[in-house]
Amino acid sequence: MALPSISRRKSCTYFTYLILLFQACNGFYLPGSYMRTYSPSEEIFTKVNSLTSIETELPFSYYSLPYCKPQGGIKKSAENLGELLMGDQIDNSPYRFRMNVNESLYLCTTPELSENDVKLLKQRTRDLYQVNMILDNLPAMRFTSQNGVKIQWTGYPVGYTPQNSNDDYIINHLKFRVLIHEYEGAGVEIIGTGEEGMGVISEADKKKASGFEIVGFEVVPCSVKYDPEKMTKLHMYDSVPSINCPQDTGSSQIIREHERVSFTYEVEFVKSDIRWPSRWDAYLKMEGARVHWFSILNSLMVIFFLAGIVFVIFLRTVRRDLTRYEELDKEAQAQMNEELSGWKLVVGDVFREPSHSKLLCVMVGDGVQITGMSVVTIVFAALGFMSPASRGMLLTGMILLYLFLGIVAGYVGVRMWTTIKGTSAEWRSVSWSIACFFPGIVFVILTFLNFILWGSKSTGAIPLSLYFILLSLWFCISVPLTLLGGHLGTRAEPITYPVRTNQIPREIPARKYPSWLLVLGAGTLPFGTLFIELFFILSSIWLGRFYYVFGFLLVVFLLLVIVCAEVSVVLTYMHLCVEDWMWWWKAFYASGSVALYVFLYSINYLVFDLQSLSGPVSATLYLGYSLIMAVAIMLSTGTIGFLTSFYFVHYLFSSVKID
């Protein structure tokens, strides 16, 4: 009788947990950091990220310039792997707010500016460097008006240079506007996944959670000339009169040797109807959003139409050939083989081992790994798991997914190797090559770029400690999993060919034009599905904009997979029809050639859209990162096309009765 009682007790326990889970999911909100409420007059300190510029793409530390430092010293915030790789360096700052208290405060006065300080400030000002400030995980937002159009920016400039002037002026007074929403802790339960951790606001904590939540952070930068003799008598956080931003340069703080710069700020708290889950909406609004959506829709419709035509023609052609071939008796088939040319004549050569077969298996294995990483990342981002509030999470998630998908890469690559060779010999060498091929290319390019960043003393340079961490992750996770996948690939049954391969290879008829010309041209159709979305992705990376339309990116990626598969299959069929049985590499590059157009488009974007990018160092960094992206796209799209063509050829020749 005890057993039924225990079973009922377990059922009740599970039912209770289920009820609690449903209760916790009420008002569920995933993206961003855990909501924090502040009581009136509670102290809040802002944080500062690296100085960034769309002209140089070289981030630098905030405290590399003569700014005021916190009273307790500079303390770095904990950073994840993605933030470190992106060059983020988040530090504390002396800017202190008191919740719902409007005030105007003094920070500090610098010593006399040295020649090096002036040179550095002028250089950062003319390179359009921005100060990136963060409050409660929200970046500071600035609004400017240009030709009657209101433009939204994140951060504020280090300084400015008036037109027709050789003088530079530093931003030393900031007018902050903090939007707050009064929170009473009723009827809202929130789970978050940001830097503040994860938690649920329960019934017991609702009273403690009452207060104000920060839903907006805006800044107006000013340059103000102060009397250093008067200002040095003040202490940090002493009150100063509120001022209006001066319009004339005579009242602004010039950057000049022996000048002493005083820093002040004022803060105004404004109550807002914006709720905490919607506070990122203001940052994710892109100019020309309607054009973006209609362009993507138009592209999708055109590509679906083209893909449908190709697919219908292809099905009718192959089905007609198969039906005609199988309706003939054996004697007629033999006579037909002598009289007709086409894919039927290469039956004894179509599965002949390709040249550089080991390299092909390695590239296919890495392509599967990159494709799997892309699919999972885009799906999770489309579902809202990777909010821009969680800095670096996207890149961190991609790296971890790539590491753990090594087992799939090893399995696919080694199984393809055993299929081509007919034996599992040298599978360890293939597995090691899969584990080292793409990471090795990335490592060489990043090391070269890192030497450039080290020479420029940029925070974008990867520290040696991070190099050791990445190598440890690769050696301890990726390599063992790839070897394990390779071992599983040897134990899996190799794919059997439906036809035998002749001992003597068949001569391929001469062609009027090189087949590689057709292969390179085939990449234009997949590129047509990609180039509009590619523009927005490049803009988000190099122009500091937020990329948020992961739903569209998922649709475009799925469409790209379909088009790559169709283009590769059609091109393989065309080569077989002209008795060209060397289809392996051509099937790979038929869809993989889209990477060439992506790299050329990146160069076009550099020349025509990144005209502000200055200097050979910035251009080298841009081209280096673009090359990594192009290689990854080539491996991914090439693998999609090759595997589809392989199974198509296998199906095609297994559908025909051959003696």
Can you confirm whether Leu530 sits close enough to Phe535 that some side-chain heavy atom of one is under 4.5 Å from a side-chain heavy atom of the other? no
Where Ser50 and Pro59 come nearest, the two heavy atoms and their spacing: CB-CB, 4.0 Å
Evaluate whether atom CE of Met582 has more than 12 neighbouring non-hydrogen atoms of other residues, nucleotides or ligands under 6.0 angstrom away. no
Tell me, do Thr572 and Lys586 make a side-chain contact under 4.5 Å, heavy atoms counted? no
Starting at NE2 of His487, measure out to CH2 of Trp427 and round the result to the nearest 0.5 Å. 6.5 Å
Can you measure from OG1 (Thr418) to CD (Glu426) and round to the nearest 0.5 angstrom? 13.0 Å
Kindly compute the distance separating SG (Cys476) from CG (Leu403), expressed to the nearest 0.5 Å. 10.5 Å
Evaluate the side-chain proximity of Trp417 to Ser424: yes if any heavy-atom separation is below 4.5 Å, no if none is. no
If you compare all heavy atoms of Val350 against all heavy atoms of Trp583, which two are closest, and at what distance to 0.1 Å? O-NE1, 2.7 Å
In sequence, state the C-alpha distance, the side-chain angles, and the governing distance for Ser539 and Tyr605, and then conclude on side chain to side chain donor-acceptor pair (under 3.5 Å). CA-CA 9 Å; Ser539 298; Tyr605 186 84; 3.0 Å; yes
For Ile378, which of Val556, Leu383, Leu554 qualifies under side-chain contact (heavy atoms from CB on, under 4.5 Å)? Leu554
Nearest heavy-atom contact between Ser456 and Val617 is OG-CG1, 4.1 Å
When you compare the side chain of Ser591 with that of Phe642, does any pair of heavy atoms fall below 4.5 Å? no
What's the spacing between Leu623 CG and Phe599 CZ if we round to 0.5 Å? 5.5 Å
Does Ile495 reach the side chain of Arg415, with side-chain heavy atoms less than 4.5 Å apart? yes
Distance col, row Ser626:OG vs Ile541:CD1, nearest 0.5 angstrom, shows 8.0 Å
Just wondering, do Trp585 and His356 contact through their side chains at under 4.5 Å, heavy atoms? yes
When you compare the side chain of Leu449 with that of Ile462, does any pair of heavy atoms fall below 4.5 Å? no
Min side-chain heavy-atom separation Phe646-Tyr651 under 4.5 Å: no
Does Thr524 reach the main-chain N or O of Gly521 with its side chain, forming a donor-acceptor pair under 3.5 Å? yes
Out of curiosity, Tyr411 OH to Met416 CE, how far, rounded to the nearest 0.5 Å? 11.0 Å
Of all heavy-atom pairs between Thr637 and Gly592, which one has the smallest distance, and what is that distance? OG1-CA, 3.4 Å
Across all chains, not counting sequence neighbours, the side chain to side chain donor-acceptor pair (under 3.5 Å) partners of Ser458 are none
Hey, is the main chain of Gly523 close enough, under 3.5 Å, to the side chain of Ser593 for a donor-acceptor pair? yes
I'd like to know whether Thr639 forms a side-chain contact (heavy atoms from CB on, under 4.5 Å) with Asp366, so could you lay out the CA-CA distance, the side-chain angles of the two residues, the decisive distance to 0.1 Å, and finally the verdict. CA-CA 8 Å; Thr639 297; Asp366 278 331; over 6 Å; no
Donor-acceptor contact present, side-chain Ser618 to main-chain Thr56, <3.5 Å: yes
Could you walk me through whether Val555 and Phe550 pass side-chain contact (heavy atoms from CB on, under 4.5 Å), step by step? CA-CA 9 Å; Val555 173; Phe550 286 104; over 6 Å; no
Side chains of residues 433-443: which donor-acceptor partners sit under 3.5 Å, not counting sequence neighbours?
unit_1: Ser433; atom_1: OG; unit_2: Ser429; atom_2: O; d: 2.8

Would you say that more than 12 heavy atoms from the other residues, nucleotides or ligands in this model lie under 6.0 Å from the CZ of Phe380, or not? no
Over 60° means perpendicular and under 30° means parallel, so tell me whether Tyr625 and Trp542 are parallel, tilted or perpendicular. tilted
Check the angle between the aromatic planes of Tyr597 and Phe527 and answer parallel, tilted or perpendicular using the 30° and 60° thresholds. tilted
Nearest heavy-atom pair of Ser568 and Ala587: which atoms, and what distance? OG-O, 2.8 Å
Residue pair Pro526 / Leu560: nearest heavy atoms and the distance that separates them: O-CD1, 3.5 Å
Greater than 12 external heavy atoms within 6.0 Å of Tyr467's OH: yes
Are Tyr402 and Leu473 close enough, and set up right, to give a side-chain contact (heavy atoms from CB on, under 4.5 Å), and what steps lead you there? CA-CA 11 Å; Tyr402 182 85; Leu473 288 172; over 6 Å; no
Test side chain to side chain donor-acceptor pair (under 3.5 Å) on Thr371 and Ser636 and set out the steps. CA-CA 5 Å; Thr371 305; Ser636 177; 2.7 Å; yes
Report the C-alpha distance between Ile445 and Leu627 in whole Å, list the side-chain angles of each, state the deciding distance to 0.1 Å, and finish with yes or no for side-chain contact (heavy atoms from CB on, under 4.5 Å). CA-CA 9 Å; Ile445 296 174; Leu627 183 59; 3.8 Å; yes
Tell me every residue that passes side chain to side chain donor-acceptor pair (under 3.5 Å) with Asp349, counting only those two or more places apart in sequence or in another chain. Arg352
Once the angle between the rings of Phe648 and Tyr573 is folded into 0 to 90°, is it parallel (under 30°), tilted (30 to 60°) or perpendicular (over 60°)? perpendicular
